Protein chains: 2
Amino acid sequence: MTLDEAKAKFIQTWGGLGAQWGINKTMAQLHALLFIASEPLSTEDIMDTLQISRGNVNMNVRELIDWGLVQRVNKTGERKDYYNAEKDVWKIAKLIVRERKKRELEPIIGVLDDLGKIEGDKESSDYIAFIDSMSRLKNFSETLNNSVDKMIKADENWLTGFFISMLKK
Amino acid sequence: MTLDEAKAKFIQTWGGLGAQWGINKTMAQLHALLFIASEPLSTEDIMDTLQISRGNVNMNVRELIDWGLVQRVNKTGERKDYYNAEKDVWKIAKLIVRERKKRELEPIIGVLDDLGKIEGDKESSDYIAFIDSMSRLKNFSETLNNSVDKMIKADENWLTGFFISMLKK
DNA sequence: CTTTGTTTTCAATCATTTTTGAAATATCAA
DNA sequence: TTGATATTTCAAAAATGATTGAAAACAAAG
């Protein structure tokens, strides 16, 4: 396998993985491309490499910028925009986790909270079972949320350090 | 909000959340329905509640069984199959993590390993940069993989206990 | 201003995924 | 066996999601 083939395979694999996690395949491929690029790339560079339209590049780059995974950079004396991705794997993980927490975990906690406060016959076993389900789920979500907060603030050794501490048990 | 409205809202919310994580919306709704059901449900029960076809129920129930989240149960003297979901939130989390690890994390580690062994000019900065990216990503993936292994074996207090230990720092 | 190069938007199109529903298959009881 | 009930399969249809591309908006330079 040559370097170019390897790069292509990485972009493909990353795209497929993204798709399994509810991320637009093109967005994941674009992220992979920028991740392994040693220089910031222009819209044209991306269009050529991934064989996609200008509009598609624009949409997905914007989304990656929203996630904090990509920055727009300007080369002096050039009019075009160039795009550069975060290269530190640990920082990437934190950005993704932070964003999913904000977009998904926090809202679900709000919903679970509401669902725990319904009216009804408080003696009914149906009622009790439902409230109980919601409360266990909310408890789990809050613990997860708190752990994620810590993880976001922690440094790169958190996961490794944690793994080592688990090994000792 | 009445109990029935709350149940419907929970099913809807859970379905939407699943969709964002690359899980078929109907599968997530079905899981939600079985999760809050106090009794195992039949195919008809599910068809009625979620307003979906028999074939759709069958497909998604099979998938949930594959994930280990649902079991088929037989009521004595009844010919129909009934379906029952795991109710313990911690066990559910472990089943999902275990499955995604097997289906996604382990394969990507294999790919990253291959991509780290390409031929080419070992002096070229392009070559070095790519190998380095793959190696950092592989290292991260393996650490994650090891942590997930521990998590799967750990008990319900792992997350809570870990959270508390982080708080002390 | 006006020109030129660049980015953004978005309705229409295309591709993929999901769902249906009826036929085929399986299972049980008489 | 046979008939009755239940489950599974899968091709076709429907729904959803992604992509295009050309026009509009924007921005810098002359």
Side-chain angles (χ1 to χ4, degrees), chain A residues 11-34 40-67 70-85 103-104, chain B residues 11-34 39-67 70-84 103-104:
Chain A
I11 289 167
Q12 281 307 114
T13 307
W14 205 242
L17 203 66
Q20 294 192 281
W21 284 79
I23 287 150
N24 179 317
K25 195 181 73 175
T26 301
M27 179 172 149
Q29 289 183 339
L30 187 22
H31 180 239
L33 172 61
L34 292 175
L41 302 181
S42 70
T43 299
E44 263 93 14
D45 295 333
I46 297 165
M47 287 168 69
D48 289 352
T49 312
L50 301 183
Q51 292 290 317
I52 58 176
S53 72
R54 185 175 298 282
N56 202 0
V57 172
N58 191 268
M59 270 189 65
N60 284 293
V61 155
R62 191 189 324 102
E63 186 77 9
L64 285 168
I65 292 173
D66 280 352
W67 281 71
V70 166
Q71 296 90 37
R72 209 182 288 268
V73 295
N74 288 297
K75 292 195 180 176
T76 44
E78 282 245 38
R79 235 162 112 180
K80 271 201 197 98
D81 284 347
Y82 286 79
Y83 304 102
N84 184 48
R103 294 180 192 202
E104 294 150 20
Chain B
I11 290 168
Q12 281 306 115
T13 306
W14 205 240
L17 204 64
Q20 293 192 282
W21 284 78
I23 288 149
N24 180 316
K25 193 182 74 174
T26 301
M27 179 172 148
Q29 288 182 341
L30 187 20
H31 180 239
L33 172 61
L34 292 174
E39 291 291 303
L41 302 182
S42 70
T43 299
E44 264 91 14
D45 294 335
I46 298 166
M47 286 169 69
D48 289 351
T49 314
L50 301 184
Q51 291 290 318
I52 57 176
S53 72
R54 184 175 299 281
N56 201 2
V57 172
N58 192 268
M59 271 189 65
N60 284 295
V61 156
R62 188 183 334 95
E63 186 78 9
L64 285 167
I65 292 173
D66 280 353
W67 280 71
V70 166
Q71 295 91 39
R72 206 182 290 269
V73 295
N74 289 297
K75 292 195 180 175
T76 45
E78 280 246 39
R79 212 139 136 211
K80 274 203 195 90
D81 285 347
Y82 287 79
Y83 305 103
N84 183 47
R103 294 180 192 202
E104 294 150 20

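The structure displayed is predicted, hence computed values, not measured ones. Proteins get letters first, then strands, A, B, ... in listed order; numbering begins at 1 in each.
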Exercise for review: Assess whether side-chain hydrogen bond (donor to acceptor under 3.5 Å, both in side chains) is satisfied between B:R72 and B:Y82, documenting all intermediate values.
Suggested key: CA-CA 6 Å; B:R72 206 182 290 269; B:Y82 287 79; over 6 Å; no
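Between the CD atom of B:Q29 and the P atom of C:dT18 there is a distance of 13 Å, rounded to whole Å. Between A:I46 atom CD1 and D:dT20 atom P there is a gap of 13 Å when expressed in whole angstrom units. Separating the CG atom of B:N74 from the C1' atom of C:dA29 is a distance of 16 Å, rounded to the nearest angstrom. Atom CG in B:L41 sits about 13 Å away from atom P in D:dT7, given to the nearest Å. The distance between atom CD1 of A:I52 and atom P of D:dG21, rounded to the nearest whole Å, is 12 Å. B:M59 places its CE atom 16 Å from the C1' atom of C:dA22, with the value rounded to the nearest Å. In this structure, NZ of B:K75 is placed 13 Å from P of D:dA6, rounded to the nearest angstrom. Between the P atom of D:dA6 and the CZ atom of B:R72 lies a distance of 14 Å, rounded to the nearest Å.
Comparing atom distances between the A:N56 side chain and each of D:dT8, C:dT20, D:dT19 picks out D:dT19 as nearest. For B:R54, the listed nucleotide lying nearest its side chain is D:dT8; candidates were C:dT7, C:dT20, D:dT8. Of the listed nucleotides (C:dT6, D:dT20, D:dT7), D:dT7 has the atom at the smallest distance from the side chain of B:D81. Nearest to the side-chain atoms of A:N24 among the listed nucleotides D:dT19, C:dT7, C:dT18 stands D:dT19. Residue B:S53 places its side chain closer to C:dG21 than to any other of C:dG21, C:dT8, D:dT19. Of the candidates D:dT20, C:dT7, C:dT27, the closest approach to any side-chain atom of B:R79 belongs to C:dT27.
Annotation for B:L34 and B:Y83: closest pair CD2-O, 3.5 Å, computed over non-hydrogen atoms. Residues A:K80 and A:N74 come closest through the heavy atom pair O-OD1, 3.9 Å.
Between the side chains of B:D45 and B:S42, a donor-acceptor pair is found at a separation under 3.5 Å.
Within the structure, every side-chain polar atom (N or O) of B:T26 is placed at least 4.0 Å from both OP1 and OP2 of C:dT18. One finds a side-chain N or O of B:N58 lying less than 4.0 angstrom from the OP1 or OP2 phosphate oxygen of D:dT8.
With A:L30 as reference, A:I46 is the one residue of A:L41, A:T49, A:I46, A:I11 to meet the side chain to side chain contact (heavy atoms under 4.5 Å, CB included) rule.
With the nearest nucleotide of DNA chain C identified for both A:R62 and A:K25, A:R62 has the one nearer the 5' end.
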